[in-house]
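These notes concern the structure reproduced below.
The analysis underlying the following values was restricted to heavy atoms, covering all of them including side chains, and did not include hydrogens, waters or symmetry mates.
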Amino acid sequence: MEPLHSCLLTLFLIVFLASLSVSEVAAGFLNFPPSGPFVPPDCYLIDCGSSHPTILQDGRRFQSDHDSSSLLSTGKDVFASVDSVHVGNSSPYLSSLPLFQTARIFTDESVYSFGISSPGFHWVRLYFYPVPHPSYNLSNAIFTVSANGVVLFCGFMPKKELPQVMVKEYLINTTSSSSSSNKLTLKFTPAKNSFSFVNAIEIVSMPESLISDTASSIRPLGDFSGLSWYAFEVVYRLNIGGTTISPSDDTLFRLWQPDNPFMTFPEGARNLSFPPGEINYPGQGANPHIAPNGVYASAITMADSQVNQQKFNLTWEMNVNSGFSYLIRLHFCDIVSKSLNELYFDVYINGKIGVSGLDLSSLTGRLATAYYRDFVVDSSALINSSIMVQVGPSSSIDSSLGNAILNGLEILKMSNSVRSLDSSSRFDPIPGPGTIKMKIFGTVLLVMAIIAMVFLAMALVRIRKKRDSDWKYGKSFSSWLPLNTSKASLSSSRSSYRSTFLASSKSKSGYSSFFASAGFGRLFTFKELQEATQNFDEKAMIGVGGFGKVYLGTLEDGSKVAIKRGNPKSQQGINEFQTEIQMLSRVRHRHLVSLIGYCDDNSEMILVYEYMSNGPLRDHLYGSNRPLLSWKQRLEICIGAARGLHYLHTGAAHGIIHRDVKTTNVLLDENLVAKVSDFGLSKAAPEMEQTHVSTAVKGSFGYLDPEYFRRQQLSDKSDVYSFGVVLFEVICARPAIDPALPREQVSLAEWAMKWQRKEMLEKIIDPHLAGKFCPESLRKYAEAAEKCLAEYGVDRPAMSDVLWKLESALQLQEAASRVNPSEGELQV
Ligand SMILES: *[C@@H]1O[C@H](CO)[C@@H](O)[C@H](O)[C@H]1NC(C)=O
Ligand SMILES: *[C@@H]1O[C@H](CO)[C@@H](O)[C@H](O)[C@H]1NC(C)=O
Ligand SMILES: *[C@@H]1O[C@H](CO)[C@@H](O)[C@H](O)[C@H]1NC(C)=O
Ligand SMILES: *[C@@H]1O[C@H](CO)[C@@H](O)[C@H](O)[C@H]1NC(C)=O
Ligand SMILES: *[C@@H]1O[C@H](CO)[C@@H](O)[C@H](O)[C@H]1NC(C)=O
């Protein structure tokens, strides 16, 4: 392909030179910049899950999974493959089909780490197709992918596009990331109990000229600078008035699609085409890397422009996600005029003027010459989640021809203020130019670090003084145990975890004896727990979590316990083990699952809890054979869980934020008393004057506080949000996220709030409850749930208020059942 390309180019050059007059050469337009194909300094092409390299028709060689294994750190290997993938004949990915035939499935967090020799923007292209696999249904995978800390996407695969093949394309500037500039790390993180997968990966350097740092901003009109600070996702790349240009026909392997689905009034438009070889590239600005000549050689202009003096715009409308700003690149090339200075037109973006009286002749000095303009549209300027691009005859310049033209259109989503390209962060304004932002960020970090060090020093001094006298159960322990479960400490290895412990406790006998002496309950031997579970028999398993497996065990005295055995390979596990012991040591409460003891023999991380024979709350709501709960029982359970959370937030020494409140973390004992469990992600709540803790986002999809997600600032109001989702889940008896449902119903929080706002929640509640509750009680309850889901944490009630509301809902129910005993009972 490439030799052919340069050959054509040379041929064309000779022909053209021969036909040129001297003055034209002097004008300098023949300055063919980057001649020849671009050779990317960094180029990683991987056909994931494939046992052999794959060579595409365009000559690119994707290395096999085995050849790329040194780039990847992952737990378990699972591969999936299929003999053939079927797509329509018109699919732009026909030439890439072999890449979709195999996939690699990751059950744990997995990281590709690519060495970068030339910093700057890189393309990250990810290929997805749900290859059938006997034990994993890839259509249901829920996972997050991030590159150098930028979230590329998060959640489940869009159902609409699957089982179609899909390629997602991103631009990541490796220099502007916080991590080192000579690495690009691509991280796949499955949601709890889910997994991730990918069919192929491309990491390729982008020519430097492709993105500049500045663009015109629309509303406020002006200049926008700092583009290189952002990460981008390509959402639309259209060859206006032309046909598909597939990756194999673009020297930079981009895909250009036809624009017809987006034209709002095709009757008023006319397709134009021009011999691609006759498109000129000026010395400055557009060059063949910006867009191939096939893009500039086709266009749309106004139909019958010469006949009537037309007064309308050519309009394209594209749907985008709201909450993000977009970089829009418009490609122009005057292939319609017969002579210079005939064409003047206006460009509008979302109804706002972008360029008034655009005069291509004066900008390029000749016809059929490539030109492009970049615009940034702020998220606040999006109307109905769409971007509208319009071109129309100039209103200010009286031109001979009322005409307008557009040749190409690219829309790139810009990362938001938490460096994410996908999140529930819907309302982030554009942050200022990167440099300012980074400076502020740096200063804040520095100040925080200093404060933290001062506190640490003070705490250490205090502990030294108190250590011998005050080693009672949990006291002052929290002030020096590493509380930070952020990325930095997540990446610390097990050995450094141990040494931190040893160093800080200054105990020669290791941390186990330290734990025991600090009142962490019983220290079990591994043998004791082996006996209690018949050597961790799979039959004794009662659950699996992010941390590891949970077994039902019977101790020598006959008492039943739940035994949670950490996966020794899991880095996260170490942290959670540590956090959970630390947290549980500080809390004892009727509505919190208590820790009985632990075991750390032979690098094991095992926690022993009281056994909750009725299992998770979720199983009593849907999806299992457990007897269903009456309205009154549901109220009592919610009140119990609310008490547990209220105690966590306010009762313990500093208050604790649970971070992972959901129906599987509310367990029921033999009397259906609710107890909150799983403190693996917990975090100590902020000290008085601070109102939040900054942290990497953790938790479960469907329950995540949007504000926490957006700002990465955790407060006890994040738990209140999740608890609100639990309340709706209890009354609607359906999962917080159910990807199988129609789009507007997938998220319970959104769906239930929609009905609650209309005061018609009864329409979607558990049919088993119908007629078996007191309406006032339900109303009170729904009000509490609604308040919990307020968009902003400050507007959400404290757990004590929620508790109070739920208790009055229970009282209303009890009063009603005294009058009418059949209400509140559930007959199944
Ligand atoms: C990437 O970002 C850095 C720092 O913001 C900037 O200096 C550099 O020019 C950017 N690279 C590109 C290709 O824009
Ligand atoms: C995978 O899940 C999707 C959506 O839930 C479903 O439509 C499909 O039938 C499942 N495929 C298999 C092989 O189970
Ligand atoms: C332009 O051409 C494409 C493909 O040839 C066609 O689908 C489209 O309808 C045409 N548009 C107009 C406005 O004529
Ligand atoms: C083109 O669209 C802009 C913005 O939507 C509008 O202000 C202008 O009047 C339109 N021009 C014509 C000729 O309709
Ligand atoms: C937004 O969508 C609504 C409903 O579809 C429509 O009535 C309204 O006119 C649209 N607004 C704009 C500015 O397009």
Strictly distance-based, threshold 3.5 Å: is any side-chain N or O of [X] a donor or acceptor partner for the main-chain N or O of [Y]?
X      : Y      : answer
Thr244 : Gln257 : no
Arg419 : Tyr230 : no
Lys717 : Arg796 : yes
Ser96  : Leu99  : no
Lys413 : Leu421 : yes
Asp259 : Ile240 : no
Ser205 : Pro40  : no
Asp334 : Ala368 : no
Ser386 : Ile383 : yes
Ser415 : Ser420 : no

Open item on the list: Let's go through Ile300 and Trp316 carefully: what are the C-alpha distance in whole Å and the side-chain angles of both, what is the deciding distance for side-chain contact (heavy atoms from CB on, under 4.5 Å) to 0.1 Å, and is it a yes or a no?
Closed with: CA-CA 11 Å; Ile300 278 191; Trp316 290 263; 4.0 Å; yes

Open item on the list: With side-chain contact (heavy atoms from CB on, under 4.5 Å) as the test, pick out the partner of Asp705 among Ser722, Ser715, Ser718.
Closed with: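 Only match with Asp705 under side-chain contact (heavy atoms from CB on, under 4.5 Å): Ser718.
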
Side chain to side chain, [X] and [Y], heavy atoms closer than 4.5 Å:
X      : Y      : result
Leu314 : Met302 : yes
Thr214 : Asp223 : no
Asn313 : Asp346 : no
Ile203 : Ile172 : no
Ile335 : Ile279 : yes
Met414 : Leu412 : no
Leu126 : Val124 : yes

Could you grab the distance from atom [atom1] of [X] to atom [atom2] of [Y], nearest 0.5 Å is fine?
X      : Y      : atom1 : atom2 : answer
Ile411 : Met318 : CD1   : CE    : 4.0 Å
Ser196 : Phe128 : OG    : CZ    : 8.5 Å
Cys333 : Leu360 : SG    : CG    : 8.0 Å
Phe345 : Asp359 : CZ    : CG    : 9.5 Å
Lys168 : Asp422 : NZ    : CG    : 7.0 Å
Ile245 : Asp250 : CD1   : CG    : 7.0 Å

- [ ] Starting from the C-alpha separation in whole Å, work towards a yes-or-no answer on side-chain contact (heavy atoms from CB on, under 4.5 Å) for Tyr112 and Thr185.
- [x] CA-CA 6 Å; Tyr112 280 94; Thr185 54; over 6 Å; no

Task: Any donor-acceptor N or O pair under 3.5 Å, side chains Asp213, Ser228 - done: yes

Open item on the list: Regarding Asp58 and Ser248, do their side chains bring together a donor and an acceptor under 3.5 Å, going by distance alone?
Closed with: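 No, no side-chain donor-acceptor pair sits under 3.5 Å.
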
Heavy-atom pair of closest approach, residues [X] and [Y]:
X      : Y      : answer
Ile116 : Asp42  : CG2-OD2, 3.4 Å
Ser379 : Ser325 : N-OG, 3.2 Å
Asp795 : Ala790 : CB-CB, 3.7 Å
Leu327 : Ala215 : CD1-CB, 4.2 Å
Leu343 : Asn403 : CD1-O, 3.5 Å
His331 : Leu406 : O-CD1, 3.7 Å

- [ ] Apply side-chain contact (heavy atoms from CB on, under 4.5 Å) to the pair Ile201 and Tyr44, showing each step before the final yes or no.
- [x] CA-CA 8 Å; Ile201 300 174; Tyr44 296 91; over 6 Å; no

Task: Within the 6.0 Å centroid threshold, strictly below: Phe188 and Phe197 - done: no

Task: Close aromatic pair by centroid cut-off 6.0 Å: Tyr129 and Tyr93 - done: no

Task: Passing candidate, side-chain hydrogen bond (donor to acceptor under 3.5 Å, both in side chains) with Glu410, options Arg237, Arg329, Arg254 - done: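 For Glu410, the side-chain hydrogen bond (donor to acceptor under 3.5 Å, both in side chains) check succeeds only for Arg237.
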
- [ ] Scan residues 142-153 for pairs that pass salt bridge (Lys or Arg N to Asp or Glu O under 4.0 Å), counting only residues two or more places apart or in two chains.
- [x] none

Open item on the list: If the threshold is 4.0 Å, N to carboxylate O, is there a salt bridge linking Glu744 and Lys754?
Closed with: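 A salt bridge is absent here (no side-chain N lies under 4.0 Å from a carboxylate O).
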
Task: Worked check of side-chain hydrogen bond (donor to acceptor under 3.5 Å, both in side chains) between Tyr127 and Arg125 - done: CA-CA 7 Å; Tyr127 293 65; Arg125 295 194 183 110; 6.0 Å; no

TODO: Assign the ring pair Phe121 / Phe232 to parallel, tilted or perpendicular, where the plane angle (0 to 90°) is split at 30° and 60°.
DONE: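 Because their plane-to-plane angle lies in the 30° to 60° range, the rings of Phe121 and Phe232 count as tilted.
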
TODO: Could you please spell out the steps behind the side-chain hydrogen bond (donor to acceptor under 3.5 Å, both in side chains) verdict for Ser217 and Asp378?
DONE: CA-CA 8 Å; Ser217 77; Asp378 185 290; over 6 Å; no

TODO: Show your working on side-chain contact (heavy atoms from CB on, under 4.5 Å) between Glu786 and Arg757 and close with a plain yes or no.
DONE: CA-CA 8 Å; Glu786 181 182 5; Arg757 283 196 203 102; 4.2 Å; yes

- [ ] Go through the structure and list residues passing ring-ring contact (aromatic ring centres under 6.0 Å, His included) with Phe262, not counting sequence neighbours.
- [x] Tyr236

Task: Any residue meeting side-chain hydrogen bond (donor to acceptor under 3.5 Å, both in side chains) with Thr315, in chain and number order, not counting sequence neighbours - done: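 Expected list: Gln390.
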
Task: Audit row: Phe153, Phe143, ring pair (Phe, Tyr, Trp, His ring centres under 6.0 Å) steps and yes/no - done: CA-CA 8 Å; Phe153 74 84; Phe143 57 103; 5.4 Å; yes

